[in-house]
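Indexing begins at 1, ligand by ligand and atom by atom, following the structure's order.
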Amino acid sequence: MADKCSCTCSCEATEILIFPCSGASNVGQIANQAGVELTKAGIGKMFCLAGIGGHVESFVESAKGAKRIIAIDGCPVQCAKKTLEHAGVTITDYVVVTEEGIKKNHDFDLATEDINKISDRIRVSLGIS
Ligand code: SF4
């Protein structure tokens with residue numbers, strides 16, 4: 001079975017890779033959307049956390065070769081962080097959405113200000129204002 005991604009989801013090795021947990025809650029989806037917005041702004045690239053979780057070799061090697069690894073978790077369960085660490089990928093920048101004053105719930109009508117808050121937090125971590 002091929003272990004290379006043939007989709008168009010930016011699964012290429014790059015300098016800054018972004019791994020949101022993309023969890024099934026507002027904060028998981030805020031993490032995901034912050035990753036999307038950062039990618040659209042040209043600040044790093046979204047990468048497939050599921051590929052890391054599945055220990056797909058090419059994905060893990062690409063992540064290990066990146067200069068910065070950004071993990072964005074929705075809540076203190078820390079799924080993205082644990083997934084990356086389990087694969088031996090070192091996180092350089094880390095944000096937990098609930099630690100930024102956003103409460104976890106299952107309302108998927110996400111507030112733009114919450115998404116911006118998390119993407120801004122990553123920009124600060126990267127030294128980009
Ligand atoms: S970190 Fe929290 S929001 Fe994200 S996938 Fe895990 S439990 Fe869900």
Side-chain angles (χ1 to χ4, degrees):
M1 188 184 300
D3 68 352
K4 297 230 184 262
C5 179
S6 61
C7 63
T8 54
C9 57
S10 305
C11 301
E12 296 290 329
T14 188
E15 303 290 288
I16 301 173
L17 301 184
I18 306 168
F19 293 93
C21 74
S22 307
S25 65
N26 66 323
V27 289
Q29 291 306 304
I30 288 168
N32 188 72
Q33 201 56 39
V36 169
E37 294 303 327
L38 289 163
T39 300
K40 285 165 66 178
I43 302 166
K45 288 197 173 183
M46 289 271 283
F47 212 70
C48 300
L49 185 66
I52 303 297
H55 290 254
V56 179
E57 192 176 337
S58 61
F59 285 43
V60 174
E61 290 310 309
S62 292
K64 286 181 174 174
K67 285 193 175 165
R68 304 281 286 246
I69 295 290
I70 299 169
I72 311 174
D73 270 322
C75 77
V77 178
Q78 300 187 318
C79 299
K81 182 173 187 280
K82 288 171 183 169
T83 300
L84 289 161
E85 288 179 347
H86 191 255
V89 177
T90 302
I91 296 166
T92 58
D93 305 271
Y94 185 58
V95 174
V96 178
V97 175
T98 54
E99 290 180 3
E100 302 302 316
I102 300 167
K103 284 198 166 68
K104 184 176 181 178
N105 59 45
H106 293 89
D107 177 1
F108 292 107
D109 291 325
L110 308 179
T112 302
E113 65 186 68
D114 289 341
I115 295 162
N116 291 342
K117 187 180 213 179
I118 301 309
S119 53
D120 287 349
R121 174 74 178 68
I122 294 295
R123 286 171 187 264
V124 169
S125 182
L126 292 172
I128 303 164
S129 54

Residue and atom, protein N/O/S, under 2.8 Å of atom 2 (Fe) of ligand 1: Cys75 SG
Spell out, as yes or no, whether a donor-acceptor pair under 3.5 Å connects the side chain of Gln29 to the backbone of Gly23. yes
Is it possible for you to say whether Val95 and Val124 belong to one hydrophobic cluster, with membership spreading through side-chain heavy-atom contacts below 4.5 Å? no
Common cluster, Val96/Val77, ILVMFWY with side-chain heavy-atom separation under 4.5 Å: no
For residues 30-37, run the donor-acceptor check on the side chains, cut-off 3.5 Å, and write out each pair with its distance to 0.1 Å, sequence neighbours left out.
from  : atom 1 : to    : atom 2 : distance (Å)
Asn32 : OD1    : Ser22 : OG     : 2.7
Gln33 : NE2    : Glu37 : OE2    : 3.3

Between NE2 on residue His106 and CG on residue Asn26, distance to nearest 0.5 Å: 7.5 Å
Rounded to the nearest 0.5 Å, how far apart are CD1 of Ile118 and CD of Glu99? 10.0 Å
